[in-house]
Amino acid sequence: MNELFKVATWNVNSLRVRLEQVLAWLTSHQPHLLAVQETKVENQHFPVELFKRAGYHVLYNGQKTYNGVACISRLPMQNEVTFLPDFDDTQRRILVTNIGTLRIVNIYVPNGSSLDSEKFIYKLRWLKQLKIYLQQELSLHPNLIVLGDFNIAPEDKDVHDPQIWQGKVLVSPEERQALSDILALGLKDSFRLFNNEPHQYTWWDYRAGAFRRNHGLRIDHILSSNALIPQCITCEIDKEVRLWEKPSDHVPVIATYQNIS
DNA sequence: ATGGTTGGCTTCCAA
């Protein structure tokens, strides 16, 4: 693995609906690994053969109707984990695996619904347990990548209109603190290593012409462990796919790493 | 403009 290693995350909002788009995107971008979220497909219905024919290995952790994550990889994957340890949960939101010396944590963080809901309490509990888990993972695997739909915009500059979003889920101080606590373990928001501009979004509401107006949020992230920072050479958002017919409301984030040994 | 859109085995819920 001495050449470039290209990693991407994409909340596809139903893998079945987006299957042609995912296959087309793999062909045009040729990532080594694509982590997807909101597959909404049970494991027995996962389209393994389609990806195999396209030259990819797959791991999946899905359920009916909601949630679900999967890893689509050029290289074989090992040591799969499909649950957050010490957290009683029926929702399929995490998939962890090794590719060579890389440890990859693919997550779909709970949305949280609204600040006064039970779902918000569940989101904060989930993030707290994720932090405990990532601390253990980092001690075992220095080359750690945590990527997925975090459902948190880290700063106001990741929000199209912070005034409108004041007091709403995805931007609250509690959620941002939970993300900060995770970063403090020794992880960095890869996108911000290369781009400090505002208005760089990964999600736009389907409603009210939000994409056309660029009314979005940056809530999908690729975190790189400190050991990987020198090797991370690009991190970009692929806005193009939001212009496709029947797009997901999220777009891919792509990072490249060099000299992974 | 307090609306609007998408996916899912649905007549509403989640995002």
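Each chain gets a letter, A, B and so on, in the order its sequence line appears, and its residues count up from 1.
Sorted by first then second residue, the salt bridge (Lys or Arg N to Asp or Glu O under 4.0 Å) pairs that include residues 132-141 of chain A, not counting sequence neighbours, are R103(A)-E137(A). Within the structure, ring pair (Phe, Tyr, Trp, His ring centres under 6.0 Å) pairs that include any residue of residues 174-196 of chain A do not occur (at least two apart or interchain). The ring pair (Phe, Tyr, Trp, His ring centres under 6.0 Å) contacts involving residues 211-236 of chain A comprise F150(A)-H221(A), H160(A)-H215(A), W204(A)-F211(A), where partners must be two or more places apart or lie in separate chains. For the salt bridge (Lys or Arg N to Asp or Glu O under 4.0 Å) condition, the pairs that include at least one residue of residues 167-187 of chain A, sequence neighbours left out, are K123(A)-E175(A), D156(A)-R176(A).
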Exercise for the section: Check the pair D88(A), R125(A) against salt bridge (Lys or Arg N to Asp or Glu O under 4.0 Å), reporting the backbone distance first and the verdict last. Expected result: CA-CA 11 Å; D88(A) 203 12; R125(A) 276 181 52 236; over 6 Å; no
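Comparing H250(A) and P247(A), the nucleotide of DNA chain B nearest to each residue sits closer to the 5' end for P247(A). When each of E38(A) and K246(A) is assigned the nucleotide of DNA chain B with its nearest heavy atom, K246(A) is the one assigned upstream, toward the 5' end.
Among the protein residues, F211(A) comes within range of no part of the nucleic acid, since none of its heavy atoms lies under 4.0 Å from any strand. At a threshold of 4.0 angstrom between heavy atoms, the contacts of R213(A) include nucleobase atoms, whether or not backbone atoms are also involved.
A donor and an acceptor atom, one from each side chain of S224(A) and Y257(A), are located under 3.5 Å apart.
Shown for residues 10-25 of chain A: residues whose heavy atoms fall under 4.0 angstrom of DNA chain B, namely N13(A), S14(A), V17(A), R18(A). Looking at residues 168-177 of chain A, you'll see that no heavy atom sits under 4.0 Å from any atom of DNA chain B.
When hydrophobic residues (I, L, V, M, F, W, Y) are linked wherever their side-chain heavy atoms come within less than 4.5 Å, the members clustered with I164(A) are L115(A), F120(A), L124(A), V159(A), W165(A), V169(A), L170(A), V171(A), W203(A), L217(A), I219(A).
Between dA15(B) and dT10(B), the distance separating the two C1' atoms is 15 Å to the nearest Å. For the C1' atoms, the distance from dG7(B) to dT11(B) is 15 Å, rounded to whole Å. Taking atom C1' in both dA14(B) and dC9(B), one finds a spacing of 15 Å when rounded to whole Å.
Partners of E49(A) according to the salt bridge (charged side-chain N to carboxylate O under 4.0 Å, His left out) rule, which considers only residues two or more places apart in sequence or in another chain, are K52(A). For R18(A), the side-chain contact (heavy atoms from CB on, under 4.5 Å) partners two or more places apart in sequence, or in a different chain, are V12(A), N13(A), Q21(A), V22(A), Y206(A), K246(A), S248(A). Shown here are the side-chain contact (heavy atoms from CB on, under 4.5 Å) partners of R74(A), two or more places apart in sequence or in another chain: Q30(A), Y56(A). A search for side-chain contact (heavy atoms from CB on, under 4.5 Å) contacts involving A227(A) returns P142(A), N143(A), S225(A), not counting sequence neighbours.
In 5' to 3' order, the nucleotides of DNA chain B bounding all contacts with chain A (an atom under 4.0 Å from a heavy atom) are dA1(B) to dA15(B).
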